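This report refers to the structure that appears directly beneath it.
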Amino acid sequence: MRATYHLFLLVFLSASFLAVGGPRPHMRRTGENLFVNPAVAGPDGWKLSSGTASYDRLVSRTPDGSGSIRLDAAKQKWSQGTVSARIPVVPGKTYTFGAYTKSSVWPCLWHMRIKSYPENPSPWTAGRECGTAANKWEESANVYVPGSDVTHVELLICRTIGPRNDGSIWLDDFFFCEGVGFDRPPSPKRRFDGTITRFDELGNIEICEGGEWKPFFPFSICADGHRADWTAYAGAGFNCSSRASSIDGIRKAREAGLKCFFDIGPWVGAWHQKDYSLLAQRIRDIHEAGLSETVIMYYWDNETYQTYNMRDRKASPWDIYATPKTCAETIDRAERSMNRGRRLRPLYQLAGNYGMARMYRGYYDMAACYTGAGLGNTGGAAGGPAGLLVLDNIEGQDAPLFAQVNGRVDRINIYSLIIGGAKGFSFWKDWVGKDGKGAGGVAGAKPIELHSWYSELPAVRREVDDLLPIIRLPHWTSWRVLCKTDRIVLGTREYEHNNRREGYVIACNTSRSAATAAFSVEGLSYSPVAVKDYFDWDGPAVASFSDSSFTVTLDGKRTAVYRLVNPDGPGKPEARVRESGYARAGRGLRVKR
């Protein structure tokens with residue numbers, strides 16, 4: 001069931017017909033809208049909770065007089081909001097659930113939820129949402145796949161606490177349809193130009209070492225401070241530590257040959273909450289300790305504010321917005337004051353509930369969500385599938401993509417997030433513990449070397465390094481590849497140089513058994529003469545190309561990158577460093593060594 005969804009999702013990513021390097025494609029809705037009364041022409045077909053939801057005939061997204069549903073001020077953690085009529089669904093099919101929303105105040109939050117029937121113990125939560133401004137109609141959307149026993153769903157939208165609990169939210173033009181699609185096109189993504197780390201609009205990271213820019217794909221891990229020797233991480237293939245929040249942690253990463261992220265979590269919602277002067281001092285301390293080139297990003301795990309804890313008397317609902325915002329502003333001021341008015345490194349937000357990412361637009365530079373073992377992107381503990389897809393395509397989200405891997409950091413998971421457009425990942429986490437046996441009672445919480453996938457990580461890392469020129473290309477192409485075998489996850493890339501092109505197909509077999517599959521290629525601008533293994537560039541063909549298709553066998557839990565050989569192609573891809581007006585770190589911070 002899940003494999004079917006994942007196949008559809010990732011093939012769809014490359015199904016637009018645009019020029020190489022052209023604008024990000026618009027994944028349009030294609031299925032029939034299954035809502036009853038989606039334009040809210042009166043209250044029919046809707047359950048409206050007394051005191052919190054009502055029909056508003058005076059407000060509509062379009063001037064058709066149809067009205068909308070209004071959610072009033074949030075008075076408790078979860079208000080009941082509005083519930084749709086029950087909708088029949090087919091297990092294993094992929095559905096998009098969305099609506100247009102507008103709020104009279106900003107920022108305020110609402111929740112999109114799906115309740116499955118036969119009834120599960122609790123509703124399956126599709127995501128926590130926010131727009132980008134008040135009095136602006138914006139699209140919110142999530143992706144859902146019914147389980148094997150699900151026959152019907154009810155779709156819910158309700159308000160929740162914080163940051164603003166006053167005002168009203170209006171809901172209109174609901175949709176629930178088969179397939180993955182969005183009514184509005186994605187927002188352009190922002191580049192970041194720091195003097196230590198930078199990335200382009202796709203999120204391709206480059207780091208400055210010794211004054212020279214180098215491409216970098218973070219193969220990162222949340223390290224355990226109980227592990228005495230962090231060189232074990234480098235030996236396993238990792239090149240970065242994800243959660244350093246002290247000078248000692250940064251130094252320990254550097255001594256192991258790792259880069260690292262500086263974790264601002266303690267200032268957002270833990271030990272040092274709101275001690276912004278201490279955060280600024282830590283940034284200066286990094287430089288004074290000669291560790292500036294080791295720290296390549298700031299990291300913020302936004303699970304801190306997934307829900308407002310009403311029992312925490314030290315916090316207020318407004319802190320959900322204000323505290324991360326002030327931390328980001330503190331970083332900006334501290335860096336510019338010591339770096340000739342320029343930023344050093346980006347701030348990456350693990351959005352958790354990826355629908356909240358828009359609330360912090362402009363304060364973080366790279367967006368991340370959870371990805372789940374090659375079978376779909378979870379979007380966080382309170383999220384749903386297709387986190388990377390929604391982050392990449394929903395309007396108003398303008399940061400490039402990163403990924404957080406929980407559970408299994410195996411080759412299927414890593415290749416899947418690459419197919420989905422992520423330009424790096426962080427694994428949660430190594431669990432050593434004081435006794436060296438991990439965290440008792442926590443499923444999977446053990447030292448990384450005890451996981452079944454651990455021994456293969458160095459080989460996967462070498463493959464990622466070899467694939468870097470492909471990874472850095474747009475994750476959409478002017479052509480697509482289709483496969484009827486639902487166990488195969490697919491993505492495409494196209495390399496262009498000197499007006500010559502060559503295409504690549506990235507494939508993952510998510511099942512444990514071998515799969516023989518026919519791949520059908522549509523829209524390719526040339527006729528391939530053979531299909532070769534990317535990792536065996538000058539080796540023999542692995543398949544012949546005939547009638548726009550080829551057939552291969554892929555072993556269970558294996559991956560492959562197929563080169564669609566163009567006899568007049570551009571040659572082997574190279575990971576080009578982008579040109580910049582600031583070619584060397586010396587134009588900004590004077591790096592201490």
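All figures in this text were calculated on a predicted structure; none of them were measured in a lab.
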Could you check, using the six-membered ring where one of them is a Trp, whether Y363 and W300 have ring centers closer than 6.0 angstrom? no
Less than 4.5 Å apart, side chain to side chain, heavy atoms only: is that true for V409 and F425? yes
Assess the side chains of S104 and N135: does a donor N or O sit below 3.5 Å from an acceptor N or O? no
Name the orientation class of the two ring planes belonging to F176 and F97 (parallel below 30°, tilted from 30 to 60°, perpendicular beyond 60°). perpendicular
Flag side-chain contact, heavy atom, 4.5 Å: C108 against N165: no
Shortest non-hydrogen contact from A422 to L388? CB-CD1, 4.3 Å
Work out which heavy atom in W479 is nearest to a heavy atom in Y504; give both atom names and the distance. CH2-O, 3.5 Å
When F217 is tested against each of L467, I205, N204, I418 for side-chain contact (heavy atoms from CB on, under 4.5 Å), which residue passes? I418
Ignoring hydrogens and geometry, is there a side-chain-to-backbone donor-acceptor pair from T96 to G181 under 3.5 Å? yes
Does F519 reach the side chain of L482, with side-chain heavy atoms less than 4.5 Å apart? no
After noting the C-alpha distance and the side-chain angles of D398 and R190, does the key distance pass the salt bridge (charged side-chain N to carboxylate O under 4.0 Å, His left out) rule? CA-CA 6 Å; D398 61 357; R190 292 180 286 115; 3.1 Å; yes
Ignoring hydrogens and geometry, is there a side-chain-to-backbone donor-acceptor pair from N37 to G42 under 3.5 Å? yes
If only atom types and distance count, is the side chain of S187 paired as donor or acceptor with the main-chain N or O of G396 below 3.5 Å? yes
Scanning both residues in full, the closest heavy-atom pair of A367 with Q397 reads CB-OE1, 3.9 Å
Is the backbone of S316 close enough, under 3.5 Å, to the side chain of D319 for a donor and an acceptor to pair up by distance? yes
Walk me through whether V90 and Y95 qualify under side-chain contact (heavy atoms from CB on, under 4.5 Å). CA-CA 10 Å; V90 178; Y95 296 87; 3.8 Å; yes
Check whether F192 forms a cation-pi arrangement with R343 (NZ or CZ under 6.0 Å from the six-membered ring centre, at most 45° off the ring normal). no
Are M356 and I320 close enough, and set up right, to give a side-chain contact (heavy atoms from CB on, under 4.5 Å), and what steps lead you there? CA-CA 10 Å; M356 292 178 70; I320 297 174; 4.1 Å; yes
Could you go step by step and tell me if E494 and S478 meet the side-chain contact (heavy atoms from CB on, under 4.5 Å) rule? CA-CA 8 Å; E494 188 164 76; S478 58; 3.7 Å; yes
Sequence neighbours left out, what pairs pass salt bridge (Lys or Arg N to Asp or Glu O under 4.0 Å) with at least one residue falling in residues 50-64? D56-R70, R61-D173
If we count only N and O atoms by modelled type, under 3.5 Å, do the side chains of S116 and Y144 hold a donor and an acceptor together? yes
Under the side-chain hydrogen bond (donor to acceptor under 3.5 Å, both in side chains) rule, what do E138 and T132 come out as? Steps first, then yes or no, please. CA-CA 8 Å; E138 294 177 284; T132 63; 2.7 Å; yes
Does the side-chain hydrogen bond (donor to acceptor under 3.5 Å, both in side chains) test come out yes or no for D301 and Q404, once each step is laid out? CA-CA 10 Å; D301 185 344; Q404 175 78 25; over 6 Å; no
Return yes if some donor-acceptor pair links the side-chain N/O of S84 with the main-chain N/O of L155 below 3.5 Å, else return no. yes
Might you point out which heavy atoms bring A517 and I488 nearest each other, and give the distance in Å? CB-CG1, 4.3 Å
Yes or no on side-chain hydrogen bond (donor to acceptor under 3.5 Å, both in side chains) for S168 and D72, after CA distance, side-chain angles and deciding distance? CA-CA 5 Å; S168 298; D72 292 318; 3.3 Å; yes
Does any N or O in the side chain of D332 come within less than 3.5 Å of the main-chain N or O of A328, such that one atom is a donor and the other an acceptor? no
Tell me, with the steps shown, if F182 and I394 meet side-chain contact (heavy atoms from CB on, under 4.5 Å). CA-CA 7 Å; F182 304 85; I394 197 67; 4.0 Å; yes
List the steps and the verdict of salt bridge (charged side-chain N to carboxylate O under 4.0 Å, His left out) for E496 and R501. CA-CA 4 Å; E496 180 181 17; R501 300 177 179 179; 3.8 Å; yes
Angle between ring planes, W46 versus F35, binned at 30° and 60°: parallel, tilted or perpendicular? parallel
Sub-3.5 Å donor-acceptor pair from the side chain of E139 to the main-chain atoms of R184, do we have one? yes
With side-chain hydrogen bond (donor to acceptor under 3.5 Å, both in side chains) as the test, would you mind laying out the steps for Y298 and D365 before giving the verdict? CA-CA 10 Å; Y298 299 97; D365 305 295; over 6 Å; no
Is K423 reaching over with its side chain to a backbone N or O of I471, donor-acceptor style, under 3.5 angstrom? yes
Return the minimal non-hydrogen interatomic distance between S68 and V59, and the atom names on each side. OG-O, 2.9 Å
Is it the case that the side chain of D392 and the backbone of G421 share a donor-acceptor pair, with hydrogens and angles ignored and the cut-off at 3.5 Å? no
Distance-only donor-acceptor check, side chains T492 and T477, under 3.5 Å: yes
Can a cation-pi geometry be assigned to R243 and F261, taking NZ or CZ under 6.0 Å from the six-membered ring centre and within 45° of the ring axis? no
Under the salt bridge (charged side-chain N to carboxylate O under 4.0 Å, His left out) criterion, do R480 and E522 qualify, and how do the steps go? CA-CA 5 Å; R480 64 178 180 173; E522 298 179 357; 2.8 Å; yes
Between T197 and R345 the two heavy atoms that sit nearest each other are OG1-CB, 4.1 Å
